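In what follows, a structure is listed as structure tokens, so that the remarks can point back to it.
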Amino acid sequence: MDEWIDEVIGVGGAFARICGDYEYRPQQIEMAIAVAEALNERRHCLVEAGTGVGKTIAYLTPAIKHSLGGKPIIVSTHTIALQEQLVRKDIPLMHLALEDTPFRAALVKGRANYLCLWELDRAREDITLQGDPLFEKVLAWVGTTETGDISEMGFSFPAWSEICSNQDTCRHQQCEHYDRCFYYAMRRQAQSADIIVVNHSLFFSDLGIRTLDPRSAILPDYDVVIFDEAHNLEDVAAKTFGVEFSNYRVPAILNRIRKRRDIAVTASELEIIDSANKRLFALFKDTDKPEFFFEEIFASPKRRIEIMEAAEELASLVDGLNIQLSEQDTEGNETLARRIEGFRRTLTGIREDLNLLFFRDVDNYFRWCEKTSSGKFVSCILRLTPIDVSQALESSLWNTVSSAVLTSATLSNSGKFNYIKSRLGIQSNTIELILGSPFDYESQALLYVPNDMDFPSEAPDYAEQVADRIEQILGYSNGRAFLLFTSYRMLNAVYDILKDRLPYKLLKQGSKANEKLVEEFRKSGNECIFGVHSFWEGVDVKGSALSCVIIDKLPFSVPDSPVNKARCDAIMSSGGDWFLDYAVPQAQIRLKQGFGRLIRTKMDRGVVAILDSRLLKKSYGKEFLRYLPRCRGTSDLEEVREFFTRNC
Ligand code: SF4
């Protein structure tokens with residue numbers, strides 16, 4: 001295998017021949033060899049590969065060789081956008097490089113990404129869509145698309161949920177469109193592929209299904225799985241193995257039923273169910289906190305009784321509607337029968353989730369509520385989430401595949417993988433490798449940490465301090481910055497202080513879709529993005545448009561958020577230390593992600609400023625600094641000014 005790796009990505013190898021600007025990277029070879037060893041020895045492998053190592057090609061090179069003639073290898077990444085990048089950029093490059101070694105790759109997304117031809121026929125009969133110019137565009141697109149994949153549509157169609165493939169109405173082989181069905185065509189393609197590209201969410205949904213009934217699995221059988229962006233696995237697994245019940249879920253099915261004139265349910269009957277749903281969620285919505293445990297709201301016995309009564313009322317109305325639909329005469333009307341069957345399946349799913357959320361004891365899970373608002377819409381999601389996914393993953397995944405490879409630019413903390421392994425339930429005998437970035441951070445980057453600022457606090461004058469320091473730094477960088485915050489509260493406070501003081505355009509997360517903000521930022525000369533959470537990772541801006549990353553404070557997660565609290569309580573009850581075993585490692589990984597936004601190519605230059613003096617003054621702060629990319633550090637703003645003058 002080592003010879004093969006050398007032939008593909010070594011000096012003068014296939015990649016060097018096909019890519020004029022290909023650079024030999026010893027770290028990439030080292031990673032490929034470690035992955036090959038894991039596959040051959042049937043072991044699990046964890047690799048942290050710094051920015052610029054080229055980890056995708058590093059794992060694809062041995063994976064493709066290993067998959068040929070055997071079971072397919074699953075490559076799972078965090079988002080659909082990253083799946084697309086793999087399939088449209090990296091895999092075509094591999095095809096070019098391996099022209100004498102053909103292999104087949106398939107892209108597999110969740111059902112709702114594919115158009116359903118049966119639903120499309122029903123939509124054609126819908127008078128509200130007839131003459132709709134967007135629907136006409138959909139019809140024209142259907143005539144040309146080979147995949148039926150929404151990402152290829154090139155425009156958005158608001159009623160997509162009415163025409164996409166869905167479990168409820170799909171009749172599989174019994175459907176008249178089965179042979180031409182986009183969703184099943186994708187699954188057939190996956191059956192004969194060597195490399196199957198999925199996202200973590202779909203992977204864990206499939207894992208849940210195959211654990212209960214392997215014959216119903218979406219993916220073909222596999223022995224090897226490679227997780228890219230593996231630092232996200234715990235959160236995605238917890239979400240997928242749990243229950244999610246939003247205030248829009250019941251109204252969505254009621255609206256679908258309401259539209260059917262041939263269903264014998266009156267508008268007022270549906271209205272009664274809608275009102276019951278509103279009553280239930282109103283009891284959760286009138287709290288100030290954006291996230292809270294059910295127990296917090298149940299602390300009031302009166303409120304607990306009100307909620308349980310509202311949940312019972314909703315559950316019994318949903319049951320009633322389900323029975324009412326089952327009694328509808330569908331004789332001779334196949335479409336109606338199928339539609340009703342679909343509605344009933346959806347109602348049964350709603351009923352099961354209400355049971356789990358309110359009426360059944362479920363060990364090792366916690367119930368909580370999450371509220372978000374966007375304009376006048378308040379979304380409220382009731383969740384049942386596993387406290388710990390390690391045991392479930394150990395038995396259903398790590399013990400069943402011969403080899404799992406986990407990789408990311410940020411997977412270790414304090415130079416080890418102990419944290420990620422314990423969170424995910426991965427036992428010993430793993431191959432482990434930490435590879436630094438091939439970039440020269442010593443000359444490309446400067447780290448600024450102030451030693452004269454207060455420790456971060458909620459005090460209003462602290463936001464003033466942060467804003468003043470940001471203003472000074474941006475004066476030297478001439479804007480061109482990502483400002484990464486750990487909370488919306490701080491982001492808004494600093495934004496409000498600076499919005500009329502700075503001469504640069506300030507782009508605030510939430511004002512537009514993230515992709516649009518980044519696109520505008522890339523094109524601009526000196527704009528600044530104010531972001532939280534999603535801007536800390538996965539955003540790639542090369543060149544001088546991004547010359548400065550300012551982080552408001554160490555990214556410890558909110559300690560009293562239900563997810564963190566439940567996990568920390570579990571750690572403490574098993575004798576662990578929630579701060580050192582959970583909060584610090586998680587924040588170390590997060591800080592590396594934020595830092596990693598700055599240098600994306602060997603030409604990039606810039607400053608990372610972390611406005612948190614705990615890095616210098618607390619004992620744990622040094623541990624954070626030790627494992628950031630090695631570069632020059634300073635607490636002197638004059639050095640920051642000089643760095644920008646000389647380099648950017
Ligand atoms: S097989 Fe299912 S998804 Fe495919 S067209 Fe028929 S109903 Fe739609």
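Hydrogens, waters and symmetry mates play no part in the numbers below; they use all other heavy atoms, side chains included. In each ligand, atom 1 is the first atom listed, and ligand 1 is the first ligand listed. Remember, it's a predicted structure, so these values are computed and weren't measured experimentally.
In summary, an N, O or S atom of Cys170 is located under 2.8 Å from atom 2 (Fe) of ligand 1. Among the atoms of His177, none of the N, O or S atoms falls under 2.8 Å from atom 4 (Fe) of ligand 1.
When hydrogens are left out, the protein atom nearest atom 6 (Fe) of ligand 1 is Cys175 SG, 2.3 Å; that is the closest non-hydrogen contact. Protein heavy atom at the shortest distance from atom 4 (Fe) of ligand 1 is Cys181 SG, 2.3 Å. In this structure, the protein non-hydrogen atom closest to atom 5 (S) of ligand 1 is Leu117 N, 3.5 Å. For atom 8 (Fe) of ligand 1, the closest non-hydrogen atom of the protein is Cys116 SG, 2.3 Å. Closest to atom 3 (S) of ligand 1 among all protein heavy atoms lies Ser165 OG, 3.3 Å.
Using a 4.0 Å cut-off between a side-chain N of Lys or Arg and a carboxylate O of Asp or Glu, Glu313 and Arg279 qualify as a salt bridge. Lys259 and Glu162 are joined by a salt bridge, as a carboxylate oxygen and a charged side-chain nitrogen come within less than 4.0 angstrom of each other. The pair Arg258-Glu269 does not meet the salt-bridge criterion, since no charged nitrogen lies less than 4.0 angstrom from a carboxylate oxygen. The pair Lys516-Glu520 fails the salt-bridge criterion, with no side-chain N (NZ, NE, NH1 or NH2) lying under 4.0 Å from an Asp/Glu carboxylate O.
Within the listing of ligand 1, atoms 1 (S) sit less than 4.0 angstrom from a heavy atom of Tyr184. In the vicinity of Trp118, heavy-atom distances shorter than 4.0 Å reach the ligand 1 atoms 5 (S), 7 (S).
Using a 4.5 Å heavy-atom threshold, the side chains of Val401 and Asp223 count as separate.
Within the structure, the closest approach of Arg338 to ligand 1 falls below 4.0 Å when heavy atoms are considered.
Ring pair Tyr222/Phe203: centre-to-centre distance below 6.0 Å.
A side-chain donor-acceptor contact under 3.5 Å links Arg522 to the backbone of Asp540.
In Phe182, neither the side chain nor the backbone holds a heavy atom less than 4.0 Å from any atom of ligand 1.
Neither side chain, Ser268 nor Glu271, offers a donor N or O lying under 3.5 Å from an acceptor on the other.
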